[in-house]
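Before any comments, here is the structure.
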Number of protein chains: 2
Amino acid sequence: MMSAMSPRPAGAPPATGAGSRRKRSKGDLTSQAILDTAEHLLQTRSLDDIAVDELTSGAGISRSTFYFHYESREAVLYALSERAAEGLYDSAALWLRRGSEPPEDSIRRAIAGTVALWRAHGPVLRAAVRARDTSELVRGFWSGVARRFVDSTAQQIEIEREAGIAVPGPPTAHALATVLVTMNESMCYSLSLSRRSAARDREAVETLTAVWLRSVYGVSR
Amino acid sequence: MMSAMSPRPAGAPPATGAGSRRKRSKGDLTSQAILDTAEHLLQTRSLDDIAVDELTSGAGISRSTFYFHYESREAVLYALSERAAEGLYDSAALWLRRGSEPPEDSIRRAIAGTVALWRAHGPVLRAAVRARDTSELVRGFWSGVARRFVDSTAQQIEIEREAGIAVPGPPTAHALATVLVTMNESMCYSLSLSRRSAARDREAVETLTAVWLRSVYGVSR
DNA sequence: GAAATTATTCGACACGGTGTCGAGAAACAA
DNA sequence: TTGTTTCTCGACACCGTGTCGAATAATTTC
């Protein structure tokens with residue numbers, strides 16, 4: 001007796017990353033196929049417009065099998081977000097500028113990196129941002145990402161202020177950082193919604209960079 | 001014969017505004033009741049979590065009657081948005097500052113007005129912003145509002161630049177305006193999500209004002 | 001390699017929400 | 001009153017979700 005009570009892989013399968021050394025079980029493969037189908041469909045439709053059977057027929061399995069691999073559509077999105085947000089963390093590290101490189105360069109580079117990443121994974125990131133208001137899981141994950149960005153930015157602002165390079169408070173370093181990071185996100189969101197265009201991207205990067213520079217350092221040119 | 005083909009009031013009932021002089025037909029009343037119920041429920045739940053029968057039972061009518069008054073839940077949101085966005089247009093007029101008032105004051109006043117409006121109608125405005133990605137109708141309406149804001153801001157920036165008060169381009173007046181307006185919106189969105197707090201609101205207004213001032217005028221203080 | 005165990009898949013089902021239809025009640029006009 | 005327009009309702013067809021238990025495939029154990 002004792003029915004199997006198979007341990008459903010709640011959030012994401014063990015190590016969905018590319019570098020997974022574990023043996024590729026059949027289940028891993030279909031989990032992956034579902035993820036891929038989802039990312040593909042997300043390029044056209046919003047998450048709640050995508051029915052579960054579209055996900056599964058794209059992966060060549062029956063609808064009910066889906067629920068063996070994921071708890072819900074949101075769980076799929078969560079797994080997808082993790083995959084896409086890895087790159088974001090790298091960008092976050094760029095805030096902390098190296099050596100004596102002028103702030104303008106490091107800020108522009110970081111912003112350009114963020115824009116590029118939104119271009120690469122726009123549909124997933126947009127869906128994730130939208131799901132913040134819906135899914136506790138996604139909200140938690142995403143607010144972690146945001147905090148990381150805000151904190152390191154605020155820290156950097158404080159350093160520059162103490163060095164007398166950046167213009168001092170009333171806006172708290174933290175408050176300023178929050179606004180700037182939020183601004184970046186929403187610009188990237190709407191940018192990723194428009195047709196891909198190098199010129200548009202460049203202008204967005206330049207504009208955001210200018211706002212960052214002027215807000216933090218007060219300088220113009 | 002010739003079945004009535006009753007002219008369903010597509011978007012919103014004739015003149016949903018408060019100043020409507022038309023006779024209060026029974027239908028107007030229930031349309032209104034639906035709207036009120038929707039705004040009330042929106043304070044707790046997201047739009048797609050709200051079922052049509054919750055809207056109608058709140059208004060004391062049967063579910064199918066809903067479809068006589070509105071085409072869909074989105075149409076309700078559209079009507080609600082119009083109601084809430086009226087105030088926004090007033091704020092937009094504030095960009096164009098009067099006489100010789102220092103820019104800092106008019107900008108702060110305009111931003112404070114926007115924040116206040118988001119505090120008053122947060123749930124509706126949030127739902128509207130979310131529905132931009134979903135409903136063509138809402139997207140059109142909302143992008144009209146946004147354009148109005150951006151255009152008048154850009155125009156004002158250009159005036160200030162020609163007067164030598166504001167720091168000159170690379171960032172086009174229009175590009176800069178877009179970023180700033182977008183920033184305001186997303187900050188208001190997330191602010192309206194947090195528990196009401198005069199202190200928090202004040203800090204947000206100050207921070208946004210600082211970013212506007214520094215981005216447009218380059219000054220620090 | 002046969003049996004036991006575990007992992008994966010499936011079809012069927014119950015449920016809940018949507019949107020449409022045609023019948024009819026209520027309000028109003030003549 | 002009668003006719004017309006406005007408004008309301010219940011019934012219905014449809015679609016998507018999530019759960020269950022049984023069936024099959026893969027893997028381990030002996």
Side-chain angles (χ1 to χ4, degrees), chain A residues 1-10 12-16 20 22-35 37-38 41 45-77 131 134-135 137, chain B residues 1-10 12-16 20 22-35 37-38 41 45-77 131 134-135 137:
Chain A
M1 54 181 59
M2 196 79 303
S3 62
M5 184 55 72
S6 53
R8 183 180 298 168
T16 174
S20 170
R22 310 275 302 118
K23 186 168 57 177
R24 279 297 210 176
S25 69
K26 180 126 176 278
D28 271 352
L29 244 38
T30 59
S31 287
Q32 203 59 34
I34 290 175
L35 247 43
T37 312
L41 290 183
R45 253 105 52 63
S46 104
L47 185 65
D48 4 58
D49 287 349
I50 300 174
V52 168
D53 61 2
E54 298 180 275
L55 256 33
T56 52
S57 73
I61 56 177
S62 122
R63 200 181 69 83
S64 50
T65 296
F66 171 87
Y67 296 95
F68 177 81
H69 296 277
Y70 297 98
E71 214 173 34
S72 63
R73 295 209 299 305
E74 278 164 358
V76 174
L77 182 59
T134 301
S135 151
L137 193 66
Chain B
M1 52 184 59
M2 194 80 306
S3 61
M5 183 57 71
S6 54
R8 183 179 298 165
T16 174
S20 171
R22 310 276 303 120
K23 188 168 52 175
R24 278 301 208 172
S25 67
K26 180 129 177 276
D28 270 353
L29 243 39
T30 59
S31 286
Q32 204 58 33
I34 290 175
L35 246 43
T37 312
L41 289 182
R45 253 103 53 64
S46 105
L47 185 64
D48 3 59
D49 286 350
I50 299 176
V52 168
D53 61 2
E54 297 181 275
L55 255 33
T56 53
S57 74
I61 55 178
S62 121
R63 199 181 70 84
S64 50
T65 297
F66 171 87
Y67 294 96
F68 177 81
H69 296 278
Y70 297 98
E71 213 173 33
S72 63
R73 296 209 298 306
E74 277 164 359
V76 173
L77 183 59
T134 301
S135 152
L137 193 67

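In the text below, chain A, chain B and the rest are named by the order of the sequence lines, each starting its count at 1.
When the side-chain nitrogen and oxygen atoms of Ser72(B) are compared with OP1 and OP2 of dT18(C), none of them lie within a distance under 4.0 Å. The shortest distance between the side-chain N/O atoms of His69(A) and the OP1/OP2 oxygens of dT9(C) is below 4.0 Å. Checking the phosphate oxygens (OP1, OP2) of dT9(C), no side-chain nitrogen or oxygen of Ser62(A) falls inside 4.0 Å. Within the structure, every side-chain polar atom (N or O) of Ser64(A) is placed at least 4.0 Å from both OP1 and OP2 of dA12(C). Side-chain N/O atoms of Arg63(A) include none lying less than 4.0 angstrom from OP1 or OP2 on dA12(C).
You'll find that the side chain of Thr65(A) is closest to dC10(C), out of dT19(D), dG16(D), dC10(C). Candidate nucleotides dT8(D), dG18(D), dT9(C) were compared by shortest atom distance to the side chain of Tyr67(A), and dG18(D) ranks first.
Proximity of Ile61(B) to Phe66(B): side-chain heavy atoms (C-beta onward) are nowhere separated by under 4.5 Å. Taking 4.5 Å as the limit, every side-chain heavy atom of Thr134(A) sits out of range of all side-chain heavy atoms of Asp48(B).
Distance Phe66(A) CZ to dG11(C) C1': 18 Å, rounded to the nearest Å. Going from atom CG of Asp53(A) over to atom C1' of dG11(C) covers 14 Å, rounded to whole Å. Atoms CG (Leu29(B)) and C1' (dT8(D)) sit 15 Å apart, rounded to a whole Å. dC15(D) atom P lies 16 Å from atom CG of Asp49(A), rounded to whole Å. Distance Ile61(A) CD1 to dG11(C) P: 12 Å, rounded to the nearest Å. The nearest whole Å value for the distance from the CG atom in Asp28(B) to the P atom in dT5(D) is 19 Å. For Tyr70(B) and dT18(C), the OH to P distance is 17 Å, given to the nearest whole Å. Computed from coordinates, the Phe68(A) CZ to dT24(D) P distance equals 18 Å when rounded to whole Å.
A distance of 9.5 Å separates CD1 of Ile50(B) from CG of Leu77(B), quoted to the nearest 0.5 Å.
Scanning both residues, Ala38(B) and Val76(B), for their nearest heavy atoms gives CB-CG1, 3.7 Å.
The only member of Arg63(B), Glu71(B), His69(B) that meets side chain to side chain contact (heavy atoms under 4.5 Å, CB included) when paired with Tyr67(B) is Arg63(B).
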